[in-house]
Amino acid sequence: MNFKRPRGTADILPEDQPYWAHVYATANKVATQFGYRRIDTPTFEYTNLFQRGVGDETDIVQKEMYSFEDHGGDNITLRPEGTASVCRAYIENGLDNEPQPVRMFYMAPMFRYERPQAGRVRQHHQFGCEAIGDPNPQVDAEVIELGWKYISDLGIKNVTLRLNSLGDPEGRFDYISDLDKYFTEHANELPKLDRDRLKRAPLRVLDSKAIETRALAEAAPKSVDYIGGETKEHWDILLSLLDNLKSVYQDFDYNIDHRLVRGLDYYNRTVFEYEPVDAGGQGTLLAGGRYDPLIGIIGGQETPAIGFGSGIERMILEIKKQEVLVGTPAGPDVVIVALGGAGAAAANLATSLRAANVATVLAPSRSMKAQMRYANKQNASNVVILGDREVESGVASVKSLSQGGEQTEVALDANAIAAHVRSVGDR
RNA sequence: GUGGGCGUAGUGUAGAGGUUAACACGCUAGGUUGUGGCCCUGGAGGCGAGGGUUCAAUUCCCUCCGCUCACCCCA
């Protein structure tokens, strides 16, 4: 019987780690530049947090959660997204007593029971940012800028920003009812799939992939025409702030997309999405929006907030597609090739070299040729050759693989070898 | 949940109803004294599982399992 990894999960092998390191490092750097601080929340939560926070009617809650009852009878769910947990932590730890807004970011695995396909798996990882406690559109612009800088610092090009305002819950009622009316009038022009959708979630008809529907959606009532007062002002200010960004980031631009809606219940006002211009099915790299209602929904004081989530696997797919160079990890500074009875001396030398902070690996005890090949495959900078001769004379041969094979006699002493290796340098 | 495609060494591929299933990369052992890469030679390792058709199935058929792509939905 062979064991296999569960469906929709992945082993991230050593050869792939440079991509992950690049993404983690960039995310960490950019978030820090914007004053966001890292938060880690548990991998699982009580199920009702997501039922309430994400929304009972959403697909995520309806059919995608990894839920189970633990031994004490509590209902537990592996987190399907990050925002609800961060907000729970904000309330639970009294972060509303810190200066507002509280800026936080996370990098963590998410779990959803779905059929895997390109860009979609059951365990995926997200980098997310949340700015909690400030209603000002300046924060909306900040989060959008952060997302832009993250993507461009990763080295990804040709990404577009789609933007929309969903308005506020009160005003949205009129909008949805007009939208419903509009699509119902054209119901006979809609494919069956979208007629069903119309009954379930009229907003979602807008972002249908069916070409017939798309044409209708273009002419449908627009959410931004239904916002007024403070909400409209918020939107207008946001747009002017985004226009300002263009002068700093030459490639930055945004497209107002009236068809952009959200699957989770907690969003209001600003929603946005970054996606490659040539994106296929599951192309969204980063998506977010304002979720002013959420903290109230899960039991906190009404607190405005905005944030985004970004799929790391999708980002890496795009990095590979665009052939972004992510660098390769260096090999060890030293591989020790031991011959004859020098095994014990080699092991001692390895320990001393590591104590001197020289990255050192012992070659497997095989023939010299095999050990040399091994050192080469490890991408070692240097080989220290240690046989009975060297142990007796107290002088080791140090060969610099990276410097074309130049060989030097060095006293058989960790500090001397360390000094030599450093002076030779690598590549 | 629905629909399409595909399952041959670790990876990528070739193959044919009939002897020992091929090639490349990778792994491993060597190429006369204790020196890597390039080159050369050898070795290990495989037809997803079960059933059916047939004298004979890895090849044809069915079922299952797995992978993959798309829809739904989403990062």
Side-chain angles (χ1 to χ4, degrees), chain A residues 1-2 4-10 13 15 23 54 57-65 79-83 107-128 147 151 191-194 196-197 200-201 204 207-210 261-264 273-276 279-288 307-318 331 335 337-340 342 363-364 366-390 396-407:
Chain A
M1 187 59 199
N2 288 322
K4 307 192 69 173
R5 62 180 193 271
R7 180 158 217 213
T9 62
L13 301 175
E15 64 173 41
V23 173
V54 177
E57 301 306 312
T58 60
D59 272 41
I60 289 183
V61 171
Q62 288 287 307
K63 53 180 209 189
E64 294 177 0
M65 294 210 300
R79 82 176 142 227
E81 59 102 48
T83 303
M107 297 186 273
M110 306 292 163
F111 306 85
R112 292 180 200 169
Y113 185 85
E114 307 187 83
R115 283 285 283 272
Q117 72 183 79
R120 192 198 308 122
V121 288
R122 290 184 174 179
Q123 177 181 351
H124 77 284
H125 298 74
Q126 282 189 30
F127 161 55
I151 292 171
K192 179 177 179 335
L193 190 65
D194 285 318
D196 294 344
R197 225 188 228 124
R200 289 200 329 270
R204 300 224 64 94
D207 71 346
S208 168
K209 286 174 185 164
V261 294
R262 270 286 104 86
L264 312 187
E273 220 168 272
Y274 285 100
E275 127 188 293
Q282 316 302 130
T284 302
L285 295 174
L286 186 152
F308 67 74
S310 173
I312 294 179
E313 282 82 354
R314 285 187 189 175
M315 213 56 96
I316 290 175
L317 284 177
E318 193 61 24
V335 166
V337 168
L339 302 164
R366 299 188 195 136
S367 70
M368 182 174 196
K369 184 200 260 316
Q371 293 191 56
M372 290 299 293
R373 280 180 175 159
Y374 183 82
N376 188 51
K377 296 256 174 60
Q378 295 306 301
N379 225 255
S381 306
N382 301 277
V383 168
V384 172
I385 295 161
L386 205 53
D388 296 322
R389 246 156 48 194
E390 286 75 11
S397 297
V398 180
K399 182 166 183 170
S400 169
L401 298 189
S402 53
Q403 304 289 317
E406 202 179 302
Q407 194 160 321

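Per chain, numbering begins at 1; letters A, B, ... match sequence-line order. Predicted model only: the values in this text are computed from it and were never measured.
Distance from the side chain of A:R7 is smallest to B:C67 among B:A29, B:C67, B:A75. When the nucleotides B:G36, B:U28, B:C74 are ranked by their closest atom to the side chain of A:R204, B:C74 comes out on top. With B:G34, B:U35, B:A70 as the choices, the nucleotide that has an atom nearest any side-chain atom of A:Q117 turns out to be B:A70. Out of B:G66, B:U28, B:G34, the shortest distance to the side chain of A:L339 is found at B:G34. In this structure, of B:A29, B:A75, B:G30, it is B:A75 that holds the atom nearest to the side chain of A:H124. Here B:G37 is the nucleotide among B:G37, B:C73, B:C71 with the atom lying nearest to any side-chain atom of A:R373. Among the nucleotides B:C69, B:U35, B:C74, the one closest to the side chain of A:R314 is B:C74. Between B:A70, B:G37, B:U28, one nucleotide has an atom nearer to the side chain of A:A118 than all others, and that is B:A70.
A residue-by-residue look at A:K377 and A:G387 shows that A:K377 has its nearest nucleotide of RNA chain B further toward the 5' end. Nearest-nucleotide assignment on RNA chain B puts the 5′-proximal partner with A:I385, out of A:I385 and A:I60.
Summarising the base pairing, B:C67 is matched to B:G5 through a Watson-Crick or G-U wobble pair whose two defining distances lie under 3.5 Å.
Residue A:Q378 is classed as having no contact, given no heavy-atom separation below 4.0 Å to the nucleic acid.
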